[in-house]
Protein chains: 2
Amino acid sequence: MSGAAAAAPVRRLAVIGCGLMGGSFARALRARGLLQQAVGVARSAEARARAVALGVVDEATDDPAAAARGADVVLLAVPVAATEATLRALAPALADDALLMDVGSTKADVVAAARAALDAARLARFVPAHPIAGKEKAGVEHACAELYRGAQVIVTPLPETAADAQRRAQALWEAVGARVRTMTPQAHDAALAAVSHLPHLLAFAAVHALAQQPDGARFLELAGPGFRDFTRIAASDPDVWRDILHANAAEVRAQAAAFRAALDAFEAALAEPARLRLLIDEASRVRRAWAPAGAPPSP
Amino acid sequence: MSGAAAAAPVRRLAVIGCGLMGGSFARALRARGLLQQAVGVARSAEARARAVALGVVDEATDDPAAAARGADVVLLAVPVAATEATLRALAPALADDALLMDVGSTKADVVAAARAALDAARLARFVPAHPIAGKEKAGVEHACAELYRGAQVIVTPLPETAADAQRRAQALWEAVGARVRTMTPQAHDAALAAVSHLPHLLAFAAVHALAQQPDGARFLELAGPGFRDFTRIAASDPDVWRDILHANAAEVRAQAAAFRAALDAFEAALAEPARLRLLIDEASRVRRAWAPAGAPPSP
């Protein structure tokens with residue numbers, strides 16, 4: 001929390017896409033006394049009413065430009081494929097010195113969208129960010145002031161990004177308890193394909209394969225805690241994950257190829273216990289040695 | 001806990017393989033006042049000393065026959081490929097009326113091993129069981145009196161199994177908080193290949209594929225809570241899982257084929273957002289609708 005002292009309060013925060021990620025950012029700033037006013041953008045009247053009723057934001061609208069007007073910090077938290085259109089809609093209302101951030105799980109496509117939608121002055125205030133946090137439960141009702149505590153946030157600044165914008169972004173993420181890492185959008189997308197996007201694809205495919213079987217429903221009745229955890233991410237939001245997997249398809253395909261080669265080796269070893277034990281042992285050792293960097297212990 | 005009242009106390013419990021599963025059974029009975037004496041079998045002197053020091057068992061030995069002698073309940077909790085040799089070793093010491101159970105994650109191979117190792121009288125007292133519970137952490141130090149609470153236990157009795165042995169087994173599993181289901185070994189193995197064995201194989205392969213990459217270690221530093229849960233089962237015990245996957249290889253291969261077909265469909269859809277959303281949505285709905293039957297809420 002060393003960053004908490006460094007972050008100046010946000011006067012008006014616009015949360016464009018007021019769901020789990022954006023709502024949690026608003027709650028986290030407010031809980032730390034760093035938020036004066038928050039406005040949320042959501043498409044459905046019901047989501048807007050909920051965000052206000054829950055106290056996540058002070059007001060809500062369906063118009064990104066109206067929300068961005070007068071905001072000193074704008075957080076974009078929409079499915080990544082909606083980035084360009086959303087930025088185009090809000091850019092005319094964006095103050096020249098407002099800090100603009102996103103929380104998208106892919107970065108190369110988001111950066112390209114920002115380049116297409118923003119003028120040079122506003123592009124210099126954009127600090128792309130990906131907080132490695134979340135739940136399989138979407139929606140503002142799950143927003144939580146501690147979602148980012150202990151999480152890593154990867155920022156992928158552009159060559160054009162202003163140094164003070166980057167410092168402000170880092171201070172805010174640190175204020176809500178996150179650790180900030182900087183890398184290129186390409187390095188981010190390659191790494192996340194491996195540790196997040198492919199696992200989601202595999203979990204979706206595993207549940208799909210099970211559900212398609214004639215006995216699938218009966219089998220599911222026997223699933224236990226291992227299945228519960230292995231497939232938790234398969235419950236994730238379809239719009240969000242369609243966009244992530246589509247945007248990062250090339251890296252995801254490369255990771256899928258590596259996975260298929262490993263699966264081939266494991267399947268071939270099903271008939272060879274000594275070889276099978278060796279492969280399992282290698283995986284088991286890696287997994288036992290791993291601990292989520294900076295993340296809180298398992299809930 | 002309706003079964004608790006029905007279960008008569010165990011006079012002497014022999015836990016053959018005194019690790020997480022066997023140790024938890026002993027602890028669970030003891031915590032419910034249903035255990036007078038427990039003896040554990042472990043190969044290593046260190047494991048034996050630990051099991052006694054932790055109060056999981058009253059005494060420990062490396063000799064299955066010595067443990068089984070005088071026991072009214074014998075619980076076999078060794079990797080499944082060790083079943084036949086272990087049963088041969090303890091059978092001569094087994095009282096004619098002792099209840100014999102196992103906790104193996106495969107059942108057809110365990111039943112075949114029992115048929116090969118036991119005479120007719122003792123085979124009639126064998127009630128094969130698979131508690132769908134556990135952790136990725138092996139070892140008696142993780143044994144816990146509540147491991148089986150809310151879990152399902154599948155029993156796969158033989159045609160020769162005596163009705164009173166089956167009733168006694170069911171009463172004991174219910175006494176420790178489990179719900180008992182009865183099915184054939186073949187139906188068990190087909191279902192568990194789908195909901196447990198294939199997920200383990202996929203998790204092992206996913207971690208292996210990641211670890212094999214030049215950038216694997218760097219990528220792992222960015223892994224978050226989704227990866228943590230998806231790969232938790234990849235930390236499982238190599239001896240236990242070598243045996244399970246090898247014993248149930250045919251069913252595992254069939255499930256792997258179904259999974260590969262689903263993965264093909266998802267990969268093909270990476271370039272087609274509408275199709276990709278449909279597939280994700282189908283998986284996400286199935287997973288959100290699923291709840292572990294009778295299991296406690298997520299820890």
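Order of the sequence lines fixes the chain letters, A, B, ..., with proteins taken first and strands second; residue numbering starts at 1 for each chain.
Minimum interatomic distance between B:Pro199 and A:Phe227 (heavy atoms only, all atoms of both residues): CG-CD1, 4.5 Å. Shortest non-hydrogen contact noted between B:His246 and A:Leu276 is N-CD2, 4.0 Å. A:Arg287 approaches B:Val207 most closely through the heavy-atom pair N-CG1, 4.3 Å.
With hydrogens and angles ignored, the 3.5 Å screen pairs no side-chain donor or acceptor of B:Glu282 with any backbone N or O of A:Gln212. Side chain of B:Trp290 to main chain of A:Leu220: a donor-acceptor pair is present (N/O by atom type, distance under 3.5 Å, no hydrogens or angles).
Contact check for B:Asp229 versus A:Arg228: no side-chain heavy atoms found under the 4.5 Å cut-off. Under the 4.5 Å side-chain criterion, counting only non-hydrogen atoms from C-beta, A:Pro238 is not in contact with B:Arg285.
Proximity to chain A is absent for every atom of B:Ala289, based on heavy atoms less than 4.5 angstrom apart. B:Asp281 touches chain A through backbone and side chain together, each having a heavy atom under 4.5 Å away. For chain A, the nearby parts of B:Thr231 are the backbone and the side chain; heavy atoms of each come within less than 4.5 Å. Contact annotation for A:Leu245: both backbone and side-chain heavy atoms come within less than 4.5 Å of a heavy atom of chain B. In this structure, chain B has heavy atoms under 4.5 Å from both the backbone and the side chain of A:Leu263. If you measure heavy-atom distances from B:Leu192 to chain A, the contacts under 4.5 Å come from the side chain alone. B:Leu202 touches chain A through backbone and side chain together, each having a heavy atom under 4.5 Å away. Heavy atoms closer than 4.5 Å to chain B are found in the side chain of A:Ile154, but not in its backbone. With a threshold of 4.5 angstrom between heavy atoms, A:Ala81 does not approach chain B through any atom at all. Both the backbone and the side chain of B:Asp264 have a heavy atom closer than 4.5 Å to some heavy atom of chain A. Neither the backbone nor the side chain of B:Leu198 comes within contact range of chain A; no heavy atoms are under 4.5 Å apart.
No other option in B:Ser196, B:Ala209, B:Ala283 has as many heavy-atom pairs under 4.5 Å with chain A as B:Ala283. Between chain B and the residues A:Asp239, A:Leu278, A:Leu210, A:Asn248, the most heavy-atom pairs under 4.5 angstrom are made by A:Asp239. With chain B as the partner, the residue from A:Ile233, A:Asp215, A:Val252, A:Asp243 showing the most heavy-atom pairs under 4.5 Å is A:Ile233. Contact tally against chain B (heavy-atom pairs below 4.5 Å) for A:Gly224, A:Gly226, A:Ala235, A:Ala265: the top residue is A:Ala235. Between chain A and the residues B:Gln213, B:Arg288, B:Arg232, the most heavy-atom pairs under 4.5 angstrom are made by B:Arg232. Among the candidates B:Ala249, B:Ala234, B:Ser236, the residue making the largest number of heavy-atom pairs closer than 4.5 Å to chain A is B:Ala234.
To the nearest 0.5 Å, atoms CG (B:Leu270) and NE2 (A:His197) are separated by 12.0 Å. Expressed to the nearest 0.5 Å, how far NE2 of B:His200 lies from CD1 of A:Ile280 amounts to 9.5 Å.
The interface of residues 254-261 of chain B with chain A, defined by heavy-atom distances below 4.5 Å, comprises B:Gln255, B:Ala256, B:Ala258, B:Phe259, B:Arg260.
Counting heavy-atom neighbours within 6.0 Å of B:Arg275 CZ, excluding the residue itself, gives a total of 12 or less.
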Taking it one step at a time, do B:Val286 and A:His208 satisfy side-chain contact (heavy atoms from CB on, under 4.5 Å)? CA-CA 8 Å; B:Val286 168; A:His208 208 273; over 6 Å; no

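Using the six-membered ring where Trp is involved, A:Phe266 and B:Phe204 have ring planes that are parallel, under 30° apart on the 30 and 60° scheme.
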